[in-house]
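One structure below.
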Amino acid sequence: MQKLSSLSRVIVALSSLSIIITFFIPFWRIDLFAPQYPEGLTMKIWFYKLTGDVDIINGLNHYIGMKKISVTMFPEFTYLVYVVAAFILYGLLAAITGSRKLLFSYLVVSALGGILALYDFYQWTYDYGHNLSDDAPIKVPGMAYQPPIIGHKQLLNFDAFSMPDLGGYIVVASVVIAGIVWFIEWRKHKAA
Amino acid sequence: MRQSELKTLALLAIAFATTVFSCKPKNVSTTTSGDAAQKVYVAPGKYDEFYNFVSGGFSGQMAVYGIPSGRLFKVIPVFSVDPEKGYGYSEETKPMLNTSHGFVPWDDLHHIALSETDGVHDGRWAFGNGNNTPRIARIDMKTFKTAEILEIPNSAGNHSSPFITENSEYVIAGTRFAVPMPDSDMDVPINTYKDNFKATVSLISVDKESGKMNIAFQILLPGVDFDLARAGKGKSHGWFFVSCYNTERANTLLEVNSTKNDKDFIMAVNWKKAEEYAKAGKGVKKSVNYAHNTYNDNTHSATSVMEKEVLMLDPKDCPDMIYFMPCPKNPHGCDTDPTGEYIVGSGKLAAVIPVFSFTKMLDAIDKKTFEGSYAGIPVLKYDAVLHGEVKKPGLGPLHTEFDANGNAYTSMFVSSEVVKWRISDLQVLDRVPTYYSVGHLSVPGGPTKKPWGKYLIAYNKITKDRYLPTGPELCQSAQLYDISGDKMKLLLDFPTIGEPHYAEAIPADMVSKNSVKFFKIEENKNPYVTMGEKEAKVERKGNEVHVYLTAIRSHLTPDNIEGVKLGDVVYFHVTNLEQDWDVPHGFAVKGANNAELLVMPGETQTLMWKPEKVGVYPIYCTDFCSALHQEMQGYIRISAPGKNVPLTFSTGTNQPKLEEDKF
């Protein structure tokens, strides 16, 4: 009795397919607020591009000697789309085969993928926040400008917030739903 | 069981999402205290407590506001033409804007200095600097008119100006831009900056009675950028302190290249010593060319004289005249406290606010506690001259003002706030946000020995969402704080003209009691005055037609003028015959390629007009002077050159020919 019920397979298939939406919306966002930016500045991260106030943020960052943020700096943007597509197919495969074990491995790989993505994000923000130009007009001793991975951090006069955007929530929700399906199926199996 | 677990999971997901979504900052909009409205409300017909003389920045003008109401009373035209008042358009005022570069109709006015006696405001003159084409203006606080404009030779970017000594002995004018000096080859490669570019500081003497300015001497200095300055007072009277950046002496990409050194300097100038050197003949006379323009309230005219010489002191030949105090980093403000003991440097990129002690400075000079020299000028040891540092004051300290209770108020440009701290123990006492990016501050009497206190005004560079939007260009703004208590309280936002930089505020009665109501017509010495309607006339001198015209409620005399020919140049010399308060008359002619005249009672002003087409042109009073203002009008007829029209002028007599005459 390792097969998923047809309802579970439909749910897993739909939740995997829902990730397709994230190709059309950003999955992460960084918001910056300062006294003179009460309306805030936002950088939105997609799987293959950056949008929002990137130019304005770069303009401000040059004072502290931060490298210019641009899509071409990040090789991830060239392959992330395929990785995500592979995940969708992975989920679909689990749904089509109805294999609970495959679904479990999908969950594990997703979790690992998420952790890897956050680690990668940390690496980049660390690099940007610490490797500052010696020619920076503003040098505050001991100050680094790494934004938070998730949540809030004060960076000089800026309040920086990092959090998932809608795409990120869809991915999380999709995996959580798949997880719930797996959990229910697993209990069903245990009971049987 | 299954159901409840599902619910738990769903709740967890919702909780996670809401936490993440809700971690935006709370709205930072201000809360003014409950009685703020009452504190800034000046009832109709009541007067404000203070005049606030505010620099107009790139408008080139000086604005006068009332405090605490924030009401704009007047924009005094200083360095920019003002068609509304005919300033720079009338023949009488054109010479005010004359320079060695010819007529310059605009400048950038950054800082204000009010005249002082014994270190206290005396309500006589306000000085302002022209940043772009270096000039210093003196405004007469009796007439609120620009009385004098002095061009500064050997200068560029006249930013470190016009700060004043405690008895108005001198106004200082320092260069932001170093440039090649006119006595050397001025056509040099820009990248030979370090060798060929020099900075100067000029000391301008102010006549005790007339206020007339004169460049007493200049000091030749290495090519750094001088930023702001303050005279010493009390015990430090006799010294000037001038902040400077770009000690790296970079000539390109200064935002990077002038921010390399951890410390720049505050320059201490012993001007009493400099005075002695100048008297002792230590200076060298330099051949220069600069305009000195003065406005005369009797002739109601400006004259422009080109001056040819200036005395230059070189620190090489004048020992013990100049010292540098190291100051972190790219300092802007350089402010002396009311006692004259403390000099506050504001390194706009520095993490602390250094406070220097005048006593320690004298001691260090005495003991020669130098850490080296810069371009031959001794550099004092930082620790030897330091009273202490204000720790963690905020980001981007710019400028400091003082109250009478030993407290200092420093503007923080980057963190958009005002920080109040105690001079004695350098403790931060309070901080309030500004909206946004504050530049200078003003406490009434703040730069003097006797701060009047009570209010603090912050002048902001950015307003963003503070007012109704007006397209891409938003208003500049000031913010008024109550500083009478321990905590600063925001009372009011008010928009300002141009971009406000420094400003000074002075108790109203020190100025209002001297305010001129009108000019006495019998004292009018304008060569083109018309002393009464009977004197009104039109004279031809070759192709010049001079119209001696009077204005009094509610007619112009003459108001019918004929016999002027195309090709003539018409001069309307308009005398306002009124001798009453608040009755200016305006004057305009259709198609004139300049502006109107706005003529005060008892004043004569001249509008030049070159008619370009044959026809009859209306002339009229533009200032709503009376019930019959709309009737205050007339005509001037312009005829073809060949046409034989005699020169005639009249008021009230040029009637239609009677019906019978036609037959």
Side-chain angles (χ1 to χ4, degrees), chain A residues 28-29 31-40 42 59-60 62-65 133-143 148-166 168-170 172-177 179-188 190-191, chain B residues 1-3 5-10 12-14 16-17 19-30 245 250 253-260 262 328-330 347-352 392 394-396 412-417 432-438 460-466:
Chain A
W28 204 270
R29 62 187 292 162
D31 291 280
L32 299 166
F33 297 86
Q36 60 271 49
Y37 287 98
E39 74 278 22
T42 303
L60 292 166
H62 102 279
Y63 288 108
I64 50 167
S133 166
D134 284 337
D135 287 337
I138 299 178
K139 280 184 233 165
V140 180
M143 187 71 199
I149 296 307
I150 190 159
H152 167 253
K153 198 167 166 187
Q154 180 85 30
L155 299 170
L156 287 189
N157 55 325
F158 276 92
D159 278 301
F161 294 85
S162 177
M163 65 194 112
D165 208 318
L166 190 57
Y169 289 113
I170 287 173
V172 171
S174 158
V175 175
V176 166
I177 287 167
I180 292 168
V181 168
W182 176 84
F183 180 74
I184 292 163
E185 291 283 352
W186 175 72
R187 280 194 62 89
K188 214 158 69 181
K190 233 174 74 172
Chain B
M1 187 67 182
R2 239 174 69 182
Q3 282 285 331
E5 274 168 355
L6 253 179
K7 268 185 198 159
T8 318
L9 278 171
L12 273 174
I14 290 163
F16 169 75
T19 334
V20 174
F21 274 123
S22 64
C23 61
K24 295 228 175 177
K26 301 208 166 48
N27 190 358
V28 285
S29 78
T30 65
Y245 62 100
L253 196 63
L254 263 66
E255 76 169 357
V256 170
N257 295 323
S258 84
T259 55
K260 293 197 185 300
D262 282 339
K329 174 180 182 182
N330 289 46
K348 53 189 180 277
L349 303 175
V352 297
K392 299 205 168 171
L395 297 169
M412 299 288 163
F413 180 80
V414 177
S415 53
S416 285
E417 59 188 338
V432 285
T434 62
Y435 305 91
Y436 305 96
S437 299
V438 58
N460 301 322
K461 306 295 181 197
I462 294 172
T463 53
K464 282 235 158 131
D465 57 354
R466 297 295 287 182

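Just so it is clear: chains get the letters A, B, ... in the order the sequence lines come, proteins before strands, and each one is counted from 1. Both backbone and side-chain heavy atoms feed into the values below; hydrogens, waters and symmetry mates do not.
- Residue A173(A) does not touch chain B at all, counting heavy-atom pairs closer than 4.5 Å.
- Classification of the F33(A)-F161(A) ring pair by plane angle, with boundaries at 30° and 60°, yields perpendicular.
- Between N330(B) and Y245(B) the shortest heavy-atom distance is CA-CB, 3.8 Å.
- Contact annotation for Y37(A): both backbone and side-chain heavy atoms come within less than 4.5 Å of a heavy atom of chain B.
- Using a 4.5 Å cut-off between heavy atoms, K348(B) makes no contact with chain A at all.
- Contact record, N157(A) with P35(A): O-CD, 3.4 Å, taken as the closest heavy-atom pair.
- Of all the listed residues (I462(B), V414(B), N460(B)), the one sharing the greatest number of non-hydrogen pairs under 4.5 Å with chain A is V414(B).
- Closest approach of Y169(A) to P164(A), counting heavy atoms only: CE1-O, 3.2 Å.
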